[in-house]
Amino acid sequence: MPETKRTGSGVLGGLLGVVGLSAVAGVLVTAAVTPAIAVSGAAASSAISMFDNMPSYLEIDELMLPTTLMYVNPDNGQEVEWTKFYDQNRSPVTFDQVAPVVYDAVLSSEDPRYYQHGGVDLIGTTRALLSNAQGGQTQGGSSISQQYVKNVLIQRCERDAEAEVDADGNVLKTRDEVLRNCWEEATNATGAEGYERKLQEMRYAIALEQRYSKNDILLGYLNIANFGGTNYGIDASSKYYFAVPASQLSVSQAATLAGIVQNPNTYRIDRPNGSIVNSEGVGYNKAPDGSIEDVEPGTIQALYTLRDEGVINDEQLLAAADGYSATKGRQLYVLSRMLDDGKINRDQYIQAAVEPITPTITQPVTGCQSTGAAAYFCQYVVSTIQNDPAFGETREARDRALRQDGLKIYTTIDPRVQGAAEQAMADYAPTSIEGMEFGATATSIEAKTGRVLAIAQNTRYVPGATEDPNESSIVFAGDSTYGGSGGFGAGSTFKLFTLIDWLEQGKSLREVVNGTDRNIPRMTSCAGDWVNPGSDRIRNFGNQRGYNGTPLQFTAQSLNTGFIGMAAELDLCDITNVVAKMGVTSGNGEPINVTVPSQIIGVNDVSPIAMAGAYATVANGGTLCQPKVIDRVVDNNGVDRPELVPVRNCSPVLTPEVASTAAFALQGVMARGGTGAQANPFDGTPMLGKTGTNEQRHSWMIESSTNVTTAVMAGNVRGTVDIARAYAYDRRVMDIRYPIAQRIQATANAAYGGDDFPPPAENLIRQVVRDVPNVVGQTIDQARATLEGAGWEVSVGEAVNSDQPTNIIVQQNPSGQAPAGSVVTINPSNGQAATVPDVSGQNPAVAAGALNAAGFSAQLGSCTPDPGSGGGRVTGTDPAAGTATTRGATVTINFTAAACPGQGAPGNDEDDDE
């Protein structure tokens, strides 16, 4: 067990080191460079002066530590370590978290006089320098303090190591090569350069011991030292090689690690078959039959000695040496030094010596590939870190923060929703489709915060490029900056922005719009008017003709021509502004400028996360919460660092009235009979949503409660293959969006719930009254074109009596003004009517003759006694004069007469009683 305080001799050693070592080292360095004047006082004086003038203060930098991605388990609130990223796998420990036997092993083998010297062991250093200067076997002679200094300097070099490239981008040195140079320059320099480096180490070590305690330096060394590969520090290495923390290491394990640190990549024990050292000192794998051939006895001489003493037999010797003889030899050296120093007794020595080195390699959880199917969420987080200035001004600085700064980054992933997304993707989306580059992705966002809860993908995650169509490193849910995807054609989900602009212009969902398949000659945009000299048209699915209808109908049925008709009454520049303020850009990050009608129905490539954010804005009452994947960042000292959290704001971009009315329209999509009904869980949670297809190349389903929005896309990653035809299966691949979205959203609803959406604004669902064109006198075709061109739906009613030709409209209902959306019924003439002539004032008999001559059947009607009427005078007819009625119809003549037929003279009352 090491001492806990510095001794008086240690302090004295430090003082003597500054004075005496200068002369000794000066002579030795000069001897190595210019042997002829080695004994001259001038040489020694020069060396002393050089030593004294070297920098003495060494800043101890923060250790390079893994950055850990975290999440909080929503079921119990526990923090979960998800995965790590590092250049150096390290888990720093305190002094008491290391088994005492580790200190004993390291000190006995590396620096037995550690607690007596003042930073430099003069005896060991002098011996090593003399041996090296005389051409003998190279010796280190470095104290623990010097080795700590060396490791600090190596780490400083490694921290900033990057690949070296020329002006044309050609790689001159890989990063691994640069890292190797850091080690070689600090450990393998020879000649004058090597001696000067050694002197600088000594100078730093002496000053170091004047500032820090022995225990602090010893612990610092054990926390910084390399133990092979990317394993640094005693604790991470213990866990990697033996699956135990540093506090639980046995004598055998401690001696093995103490041996490894002397030459890490020679003695590391994570090679699959171990290494055998032959008589020339060259390592090779053990023979196929398991035997050990030509083992140099000196490597494991201690085992042979025990065998010769009868303590162990040949079988035990071979078992102990099998697999890692080079490391075993080094371990035996450490054990022997511990025995000589009285740190262990002989029984402990024998037990550890005979015990084979048996590693239990435990690979650390590192990189996104270790997170399984959640790797694409992980990679999106990594992309966020690599591209956000919060983590550094340059990409290199941000990469170093990820690999070296020891941060705890708390992500927004919800394992419940993520698990449902992964399972749904596995159940419904193939990892590839022959004949196309197929991809599918799903993402869910918390509407009120922008927190991304899940990202799932159909392919298997691999870092870097791959030729396997079942694998990818690209996050399809993201864009070119965050995830490496260029986005996908949004299809009809993009109609949201025209709907929003319609409402922002104060137009009603119940206003009738000409949604027929027709030529739109001109539209205005930010880039100048779009004109259509070729009379190009946007078609509907299945080449449907379209109809005059309302935005409410168009949204529920996703009618292309309906939205083109709406856009024709708007300004494309305003729609462009809506897209921008709702957080949607092209997949390459550039703004989307809506300049042509085809963009209304979603030809632009956009990211699913951005589109989910836009629909979440509607669900959130008009407040856009920018999607985010990082909740919190804590540094390696446990201090919250809010300035490192990438800025993602929540801000209102729509009025509550517009948002609630848009939600009202989008709820129709998810109702039974709506195009998105197949994706509705129908679990009692109110849902809004929108479907979309882009030229049969991409299919979308976006749906949302008031709390969580889910977006699903399936289609071409690259290329323009018709996915509905490319995939022969028991369901069309176009439709896998529905069950995937439904499964995920059902889980989200169970976890987060959802409220009723606010009612729509009355002024935006008002019944609009409009002027109805008068089409009486027009032909049926003319009347239909006039009315439909004005946005009215037309119904041709029964023909009515008229003397007009049969193709002429003689009646319409309604006329004048009517509520928008009303059906105008037009009635043509039947061509069979005649007009009743005016026979008023004529004698009834003459009038009857005139009517009969006109083709009617005349009959006398009521007679009113009038003494002044003589033989009679017609007062009117039924039907009235001028009325068009069927030829041959009966016309009743009403008249006055002095004596009505069947009546007495006026004024003559006759008694009819008797």
Salt bridge check, Arg180 against Asp176: does any charged N sit closer than 4.0 Å to a carboxylate O? no
### Message
Taking Asp405's backbone N and O only, do any of them form a donor-acceptor pair with Glu62's side chain (distance below 3.5 Å, no angle check)?
### Response
no
Main-chain N/O of Asp87 paired to Gln404 side chain as donor or acceptor, under 3.5 Å: no
Could you walk me through whether Thr68 and Lys408 satisfy the side chain to side chain donor-acceptor pair (under 3.5 Å) test, starting with their C-alpha distance in whole Å, then the side-chain angles of each, then the deciding distance to 0.1 Å, before giving a yes or no? CA-CA 5 Å; Thr68 306; Lys408 283 188 175 182; over 6 Å; no
With sequence neighbours left out, the residues meeting ring pair (Phe, Tyr, Trp, His ring centres under 6.0 Å) with Tyr204 are none
Dump the intermediate steps for salt bridge (Lys or Arg N to Asp or Glu O under 4.0 Å) on Arg416 and Asp414, then the final yes or no. CA-CA 5 Å; Arg416 300 168 299 183; Asp414 183 325; 2.7 Å; yes
Taking atom CD of Glu309 as the centre, report whether more than 12 heavy atoms of other residues, nucleotides or ligands fall under 6.0 Å from it. yes
| field | Side-chain heavy-atom pair Val244, Gln253 within 4.5 angstrom cut-off | value | yes
### Flag side-chain contact, heavy atom, 4.5 Å: Arg648 against Asp388
yes
task = Answer yes or no: is there a side-chain heavy-atom contact under 4.5 Å between Phe227 and Ser238?
result = no
Residue set satisfying ring pair (Phe, Tyr, Trp, His ring centres under 6.0 Å) with Tyr240, at least two apart, ordered chain then number -> none
**Asked** Between Arg330 and Glu110, does at least one N-O distance fall below 4.0 Å, as a salt bridge requires?
**Response** yes
Quiz item: Can Gln147 and Lys150 be counted as having a side-chain donor-acceptor contact under 3.5 angstrom?
Solution: no
Correct closest heavy-atom pair for Ile344 and Leu339 would be O-CD1, 3.5 Å
Smallest heavy-atom separation, Thr256 atom then Ser252 atom, equals OG1-O, 2.8 Å
- Message: Can a donor-acceptor pair be found, under 3.5 Å and without considering hydrogens, that links the side chain of Tyr103 to the backbone of Phe95?
- Response: yes
Handout entry: From CA spacing to verdict: salt bridge (Lys or Arg N to Asp or Glu O under 4.0 Å), Arg211, Glu59
Key = CA-CA 11 Å; Arg211 295 174 57 86; Glu59 183 71 37; over 6 Å; no
side-chain contact (heavy atoms from CB on, under 4.5 Å) filter on Asp347, not counting sequence neighbours, yields Asn345
Next item on the list: For the pair Arg400 and Glu396, find out whether any cationic side-chain nitrogen is under 4.0 Å from an anionic carboxylate oxygen.
Entry: no
Where the side chain of Ser143 meets the backbone of Gly119, is there a donor-acceptor pair that is under 3.5 Å apart?
yes
Requested in this report: Could you tell me whether a side-chain N or O of Thr411 sits under 3.5 Å from a main-chain N or O of Ile409, the two making a donor and an acceptor?
Outcome: no
- Going by heavy atoms in the side chains, are Thr371 and Trp82 under 4.5 Å from each other? yes
*Taking the six-membered ring for Trp, are Tyr461 and Tyr376 parallel (under 30°), tilted (30 to 60°) or perpendicular (over 60°)?*
perpendicular
Tell me if a side-chain donor or acceptor on Asn637 pairs with a main-chain N or O of Val639 at a distance below 3.5 Å. no
Margin query: Counting C-beta onward and ignoring hydrogens, is there a side-chain heavy-atom pair between Leu63 and Tyr232 closer than 4.5 Å?
Written below: no
Note: Ile217 and Tyr148 closest approach over all heavy atoms is CG2-CD2, 3.8 Å
Side-chain donor or acceptor of Asp104 paired with backbone N/O of Lys343 under 3.5 Å
no
Worksheet item: Stepwise, does the side chain to side chain donor-acceptor pair (under 3.5 Å) test hold for Tyr410 with Glu79?
Response: CA-CA 9 Å; Tyr410 290 81; Glu79 295 182 358; 2.8 Å; yes
query: If we ignore angles and hydrogens, is there a donor and acceptor under 3.5 Å between the side chains of Thr449 and Lys628?
result: no
Notebook entry, point to check: Ignoring hydrogens and geometry, is there a side-chain-to-backbone donor-acceptor pair from Arg451 to Asp631 under 3.5 Å?
Noted result: no
